[in-house]
There are 2 protein chains.
Amino acid sequence: MPKDAKTSIRKFYQTNKRMPTYSEIMKMLCFKSKNAVFKLVKKLAAGGFLEKDESGKLIPARLYEQTRILGSIQAGFPTPAEEELVDTISLDEYLISNKDATFILKVSGDSMIDAGILEGDLVIVDRSITPKNGDIVIAEVDNDWTIKYLVKTKTQIYLKPGNKLYKPIYPENELKIAAVVKAVIRKY
Amino acid sequence: MPKDAKTSIRKFYQTNKRMPTYSEIMKMLCFKSKNAVFKLVKKLAAGGFLEKDESGKLIPARLYEQTRILGSIQAGFPTPAEEELVDTISLDEYLISNKDATFILKVSGDSMIDAGILEGDLVIVDRSITPKNGDIVIAEVDNDWTIKYLVKTKTQIYLKPGNKLYKPIYPENELKIAAVVKAVIRKY
DNA sequence: ATTATAGGTGAACAATCGTTCACCAACAAG
DNA sequence: CTTGTTGGTGAACGATTGTTCACCTATAAT
């Protein structure tokens with residue numbers, strides 16, 4: 001008896017990191033004819049669950065690497081079965097625009113807790129962005145790297161901690177800003 | 001003249017969401033023989049940049065959907081060129097374990113600011129986890145959904161806001177907990 | 001001058017690819 | 001009973017797959 005097609009294909013993609021071939025789908029769904037797969041794929045593609053290449057190869061349509069996003073939960077949670085109408089995103093795509101200039105680093109210290117950035121959080125930083133006033137930046141101060149607000153006034157540039165216990169840092173000579181913080185992620 | 005192989009292949013994967021075929025690599029690198037690709041792939045695979053299937057198909061090795069992670073930036077930022085030795089992760093894989101039970105929703109209100117969860121943040125929640133004492137949960141209170149700490153004592157269960165201005169919520173009858181917060185992400 | 005070695009061409013290989021055809025059983029609608 | 005429709009089998013198709021072989025340069029080392 002064939003297992004559920006969608007979840008089987010999704011699981012294949014998740015483990016093999018590529019879409020299965022028609023023969024492979026045939027085997028994993030216990031079909032005995034490739035044509036059965038051909039017709040099944042046609043249906044799934046019409047339903048938007050799959051997409052095909054110009055050469056016929058399968059490519060992952062949404063909801064593969066993606067996670068369902070809920071605008072508001074007022075209406076209650078959808079069950080995993082009725083997973084159709086909600087929007088989905090890929091976290092990587094959502095958070096990272098310029099991949100080559102993007103790094104992740106772990107926050108140490110509590111100098112930004114008022115900005116909701118705690119010790120142990122991961123920050124996604126972009127080195128290709130020119131920092132603006134108010135941006136949270138990674139800067140070098142006294143041969144040490146810290147995360148602070150960047151404040152640009154007409155007369156000067158300085159770093160402001162997101163913690164009232166700490167004082168702003170006014171650079172003596174040069175202020176080296178390494179990257180701009182684009183996102184914060186915290187895992188429990 | 002052939003362009004740089006690595007970036008070309010990566011770009012192909014990024015746009016087509018699958019690895020190129022030998023012939024396709026041949027065309028995009030302006031080779032005239034598939035064997036040239038065969039040898040090139042062999043080298044890249046030995047260098048760890050590529051991986052091959054048991055059937056010879058290319059599968060994306062790390063650093064495709066992935067982002068470089070820096071344990072500490074004390075040593076300074078690496079340049080995009082010397083991107084070898086650093087560790088990399090995929091944010092989706094890192095943050096989401098049980099994909100079918102995972103949802104993303106946007107935080108409204110300031111009841112968790114002391115926990116570093118601000119209004120507008122996205123929280124990644126898992127519906128398949130049984131909530132423990134101290135977990136941050138999504139719960140239904142008075143036909144409304146809120147995000148709070150869950151406190152379990154021997155005698156009772158209640159919800160504690162992560163904001164000193166608000167009081168704990170003691171459920172009158174039943175306490176409906178919809179999901180456990182696994183991660184928080186914030187984009188600037 | 002000779003010898004490797006790395007990197008490319010060009011042709012051939014069996015295997016597998018996606019696709020198409022004819023055919024069949026089950027089932028529901030008329 | 002007939003008539004579609006749906007979902008499957010089985011065989012065949014040309015095209016493309018990854019791979020291998022022999023051969024051809026360059027450039028560098030001995």
Side-chain angles (χ1 to χ4, degrees), chain A residues 1-65 80-84, chain B residues 1-65 81-85:
Chain A
M1 182 201 302
K3 293 173 55 183
D4 177 49
K6 292 189 184 182
T7 56
S8 297
I9 294 176
R10 200 182 309 181
K11 195 165 293 179
F12 184 99
Y13 180 77
Q14 213 159 332
T15 57
N16 297 59
K17 291 183 190 306
R18 67 167 170 88
M19 288 301 259
T21 213
Y22 280 35
S23 315
E24 287 166 336
I25 299 180
M26 184 180 112
K27 280 168 195 158
M28 73 197 213
L29 293 184
C30 302
F31 282 145
K32 295 187 176 176
S33 167
K34 268 199 298 181
N35 189 21
V37 181
F38 182 75
K39 294 179 181 175
L40 185 142
V41 165
K42 216 169 180 177
K43 279 192 55 182
L44 292 180
F49 180 81
L50 280 180
E51 282 182 26
K52 286 214 263 181
D53 240 5
E54 65 283 347
S55 61
K57 295 185 215 311
L58 300 181
I59 57 175
R62 4 192 203 119
L63 53 76
Y64 274 84
E65 288 286 8
E82 39 156 309
E83 57 180 72
E84 305 304 333
Chain B
M1 183 201 301
K3 291 173 56 185
D4 178 48
K6 292 188 183 183
T7 55
S8 297
I9 294 175
R10 200 183 308 181
K11 194 166 292 179
F12 185 98
Y13 179 77
Q14 213 158 332
T15 57
N16 298 59
K17 290 182 188 309
R18 67 169 171 87
M19 287 301 260
T21 211
Y22 279 38
S23 314
E24 288 166 335
I25 299 180
M26 184 181 113
K27 280 167 196 160
M28 73 197 213
L29 292 185
C30 302
F31 281 147
K32 295 187 176 177
S33 167
K34 271 200 297 181
N35 189 20
V37 181
F38 181 77
K39 292 179 182 174
L40 185 142
V41 165
K42 214 169 182 176
K43 279 191 56 181
L44 292 181
F49 180 79
L50 280 180
E51 283 182 24
K52 286 214 261 181
D53 240 7
E54 65 283 348
S55 62
K57 294 184 214 312
L58 302 181
I59 57 176
R62 354 192 213 119
L63 53 78
Y64 275 85
E65 286 288 8
E82 40 155 308
E83 58 181 72
E84 305 306 332
L85 292 173

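First the proteins, then the strands, lettered A, B, ... as listed; each starts at 1. For clarity, every value in this text was computed on a predicted model and none was experimentally measured.
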Exercise: identify the closest heavy-atom pair between B/Met19 and B/Phe12: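 Minimum heavy-atom separation between B/Met19 and B/Phe12: C-CE2, 3.9 Å.
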
Within residues 34-48 of chain A or reaching into it, pairs that qualify as side chain to side chain donor-acceptor pair (under 3.5 Å) - sequence neighbours excluded: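 Those involving residues 34-48 of chain A do not exist here.
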
Pairs touching residues 23-33 of chain A that satisfy side chain to side chain donor-acceptor pair (under 3.5 Å), sequence neighbours left out: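 For residues 23-33 of chain A, and leaving out neighbouring residues, the side chain to side chain donor-acceptor pair (under 3.5 Å) pairs sorted by first residue read A/Arg18-A/Glu24.
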
Distance check needed: [N] [atom2] versus [X] [atom1], whole Å only.
X: A/Met26; N: D/dT9; atom1: CE; atom2: C1'; answer: 11 Å
X: B/Lys32; N: D/dT25; atom1: NZ; atom2: P; answer: 14 Å
X: B/Leu29; N: C/dG7; atom1: CG; atom2: P; answer: 14 Å

Watson-Crick and G-U pairing of DNA chain D written in dot-bracket, each distance under 3.5 angstrom, with | for inter-strand partners: ||||||||||||||||||||||||||||||

Sugar-phosphate or base contact per nucleotide [nucleotides 12-23 of chain C; S, B, -; heavy atom under 4.0 Å]: -----BBBBBB-

Spacing of CG belonging to B/Leu40 relative to CD1 belonging to B/Ile9, to within rounding of 0.5 Å: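 Output value for this atom pair is 6.5 Å.
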
Residues B/Leu29, B/Val37; criterion side chain to side chain contact (heavy atoms under 4.5 Å, CB included); working and verdict: CA-CA 9 Å; B/Leu29 292 185; B/Val37 181; over 6 Å; no

